[in-house]
Amino acid sequence: MFFLWFVGTLGFLLIQVPILRATENPPEVLIWYVNETAPLAAEQRNYDQYLEWLDGSELSKARELAANLRKDLREFRESVAKEQQEIENATQRHAGKLPVVIATNQLAQQGIYRLYDPQTLQFVNVPCKFPTTHDYILASNPLVMADSLALILTETARKFDPARYRFVLITKSHGSPEYALTVRLPRHHEDITREQLLASLAGTLTVSHPKPKIGISKQEYLRLLHNAGSRYKMKFQLVFIEACQGVFAEVEAESLPTNVEVLFSSGNRGLQYQTLNYPSLLSAPDDSKTSLSQKLNDFLAPNYLAIYRVTSWNWLAWAALIPLLLMLAWTIFKLIRSKTITNR
């Protein structure tokens, strides 16, 4: 019985060691992935044509749409530039504390992404072969393609060993009931006439062909996270989908990959072109033991919907207790038996 006790105790302790290590706070990497509105020349002509049609209409709905398009063209790009600068400044102010990968459409159009290099304590431009396309909307918005998100996750895993690091992913984009990332204006002006556009806004005509399917669907988004886990062992401490209508249906929520601790989706609540306060989130990590994921969780939890990973029991660890339980049962049995004999 001593042998059973020894084997059980040793097995239980050996299995618990990696579990205890997993409860420690490993260093985190921030992945900031932004599909902002930043049209190149061909897509800008698409916007110009739509704006011309809308401006010439007497419909209040058309004029409102034109104003919203102009606001998005201006503010989305400006807010992303401001946030990127805040992230880079805060990261360098607290050098070495938080590795960062930055991918935006404006960077991807140049064939690069930004990486904070802990060796040089500087942000550097890293060449990257993003998917190419003849579609002028996709060419302006390369990060709206699933292959681009998969590429950035792969690049991050190669730069920062998933066995050592955990990851915080923030994706910022326009969204829809179907898409976690999409574009503000998904239709090409060549596919519709002015009369069809205005009639559809007036509710007197349904355009015969649907809008092009441009974006990363919510199911595809979860699949990409799962693939990053299965291929590279990446574990995400927190994922935030900063996009309108980013809420997941119940069926989609049940598909949360096991390598994601928590996923927040913004829906339409409290969402602005600048939602997160990066100087505050990235402030003084050397003076605080609170991780970035915990700071984000504290801010997001009261405001946005969350999907948490269901933690399963570690049956292997509990199975190692069986010899100990047998030893305890045997000891109790012997005590009861000895008392019975003594009473006789």
Side-chain angles (χ1 to χ4, degrees), residues 30-48 50-51 68-88 100-116 123-156 169-176 178-189 211-218 220-221 224 239-246 266 271-276 278:
L30 170 61
I31 307 170
W32 196 60
Y33 185 96
V34 184
N35 175 53
E36 80 276 26
T37 305
L40 297 173
E43 192 192 19
Q44 184 61 56
R45 286 193 292 272
N46 193 52
Y47 271 95
D48 291 342
Y50 271 93
L51 289 170
N68 287 337
L69 288 176
R70 286 192 171 92
K71 178 181 179 182
D72 186 67
L73 284 166
R74 181 184 68 256
E75 292 194 21
F76 204 167
R77 181 167 13 195
E78 290 177 355
S79 68
V80 168
K82 183 174 185 294
E83 287 182 322
Q84 180 181 337
Q85 194 61 56
E86 289 174 348
I87 291 171
E88 294 196 14
V100 178
V101 172
I102 294 177
T104 70
N105 276 332
Q106 294 171 86
L107 292 173
Q109 290 166 6
Q110 304 171 55
I112 60 174
Y113 66 88
R114 297 277 283 168
L115 172 71
Y116 178 71
F123 274 91
V124 295
N125 293 334
V126 181
C128 190
K129 292 185 178 181
F130 290 95
T132 58
T133 174
H134 295 295
D135 185 308
Y136 59 75
I137 293 180
L138 293 177
S140 288
N141 303 273
L143 298 194
V144 82
M145 294 184 277
D147 287 347
S148 294
L149 180 53
L151 177 62
I152 289 297
L153 294 179
T154 298
E155 287 282 313
T156 304
L169 172 64
I170 298 174
T171 58
K172 183 183 180 82
S173 174
H174 288 294
S176 74
E178 180 181 357
Y179 291 105
L181 290 87
T182 189
V183 296
R184 180 66 179 85
L185 184 59
R187 192 186 293 281
H188 306 72
H189 71 270
K211 292 181 181 178
K213 292 184 176 297
I214 296 178
I216 302 176
S217 72
K218 292 169 183 176
E220 180 77 356
Y221 190 102
L224 291 169
V239 175
F240 179 37
I241 299 177
E242 188 180 347
C244 291
Q245 304 181 68
S266 58
L271 194 63
Q272 306 294 330
Y273 280 104
Q274 288 182 251
T275 301
L276 298 175
Y278 286 104

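The figures here come from the full heavy-atom set of this structure, side chains too, leaving out hydrogens, waters and symmetry mates.
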Is there side-chain contact between [X] and [Y], with at least one heavy-atom pair below 4.5 Å?
{"X": "R184", "Y": "C244", "answer": "no"}
{"X": "K218", "Y": "Y179", "answer": "no"}
{"X": "E178", "Y": "K213", "answer": "yes"}
{"X": "F123", "Y": "L115", "answer": "no"}

Distance-minimising heavy-atom pair for [X] and [Y]:
{"X": "P131", "Y": "D147", "result": "CG-CB, 3.7 Å"}
{"X": "T104", "Y": "W32", "result": "CG2-CZ3, 4.1 Å"}
{"X": "C128", "Y": "L151", "result": "SG-CD2, 3.3 Å"}
{"X": "I102", "Y": "Y113", "result": "O-CB, 3.3 Å"}
{"X": "T156", "Y": "V101", "result": "OG1-CG2, 3.7 Å"}
{"X": "I214", "Y": "T182", "result": "O-OG1, 2.6 Å"}

So, [X] versus [Y]: side-chain donor-acceptor pair below 3.5 Å or not?
{"X": "S266", "Y": "E242", "value": "no"}
{"X": "Q109", "Y": "N105", "value": "no"}
{"X": "Y273", "Y": "D72", "value": "yes"}

From CD1 (I152) to CG (L224), nearest 0.5 Å:
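Interatomic distance, I152 CD1 to L224 CG, rounded to 0.5 Å: 12.5 Å.
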For the CG atom of L40 and the CZ atom of R45, what is their distance to the nearest 0.5 Å?
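The CG atom of L40 sits 10.0 Å away from the CZ atom of R45.
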Working for side-chain contact (heavy atoms from CB on, under 4.5 Å), residues N46 and R187
CA-CA 9 Å; N46 193 52; R187 192 186 293 281; over 6 Å; no
Check ion pair K82-E86 (N to O, under 4.0 angstrom):
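Salt bridge: yes.
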Less than 4.0 angstrom from a charged side-chain N to a carboxylate O is my criterion; do K172 and E36 meet it?
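Salt bridge flag = no for E36 with K172.
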Using a 3.5 Å distance criterion without hydrogens, assess whether the side chain of [X] forms a donor-acceptor pair with backbone atoms of [Y].
{"X": "D135", "Y": "L138", "result": "yes"}
{"X": "S140", "Y": "I137", "result": "no"}
{"X": "N35", "Y": "G215", "result": "no"}
{"X": "Y33", "Y": "L143", "result": "yes"}

Output all residues satisfying ring pair (Phe, Tyr, Trp, His ring centres under 6.0 Å) with Y50, sequence neighbours left out; order by chain, then residue number.
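Only W53 meet the ring pair (Phe, Tyr, Trp, His ring centres under 6.0 Å) criterion with Y50.
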F130: which residues meet the ring pair (Phe, Tyr, Trp, His ring centres under 6.0 Å) condition with it, sequence neighbours left out?
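F130: no ring pair (Phe, Tyr, Trp, His ring centres under 6.0 Å) contacts found.
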I31 pairs by side-chain contact (heavy atoms from CB on, under 4.5 Å) with which of L169, T171, V239?
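Only one of L169, T171, V239 forms a side-chain contact (heavy atoms from CB on, under 4.5 Å) with I31, namely L169.
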Set out, in order, the CA-CA distance, both residues' side-chain angles and the distance that settles side-chain contact (heavy atoms from CB on, under 4.5 Å) for V183 and T37, then state yes or no.
CA-CA 7 Å; V183 296; T37 305; over 6 Å; no
Would you please indicate if the ring centroids of H174 and F76 are separated by under 6.0 Å?
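Yes; F76 has its ring centre under 6.0 Å from that of H174.
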Verdict with supporting geometry, R114 and E88, salt bridge (charged side-chain N to carboxylate O under 4.0 Å, His left out)
CA-CA 10 Å; R114 297 277 283 168; E88 294 196 14; 2.8 Å; yes
Worked check of side-chain contact (heavy atoms from CB on, under 4.5 Å) between L276 and F240
CA-CA 11 Å; L276 298 175; F240 179 37; 4.0 Å; yes
Output, in order, the C-alpha distance, side-chain angles, deciding distance and verdict of side chain to side chain donor-acceptor pair (under 3.5 Å) for E43 and N141.
CA-CA 10 Å; E43 192 192 19; N141 303 273; 3.2 Å; yes
Stepwise ring pair (Phe, Tyr, Trp, His ring centres under 6.0 Å) test for H188 and Y136:
CA-CA 9 Å; H188 306 72; Y136 59 75; 4.9 Å; yes
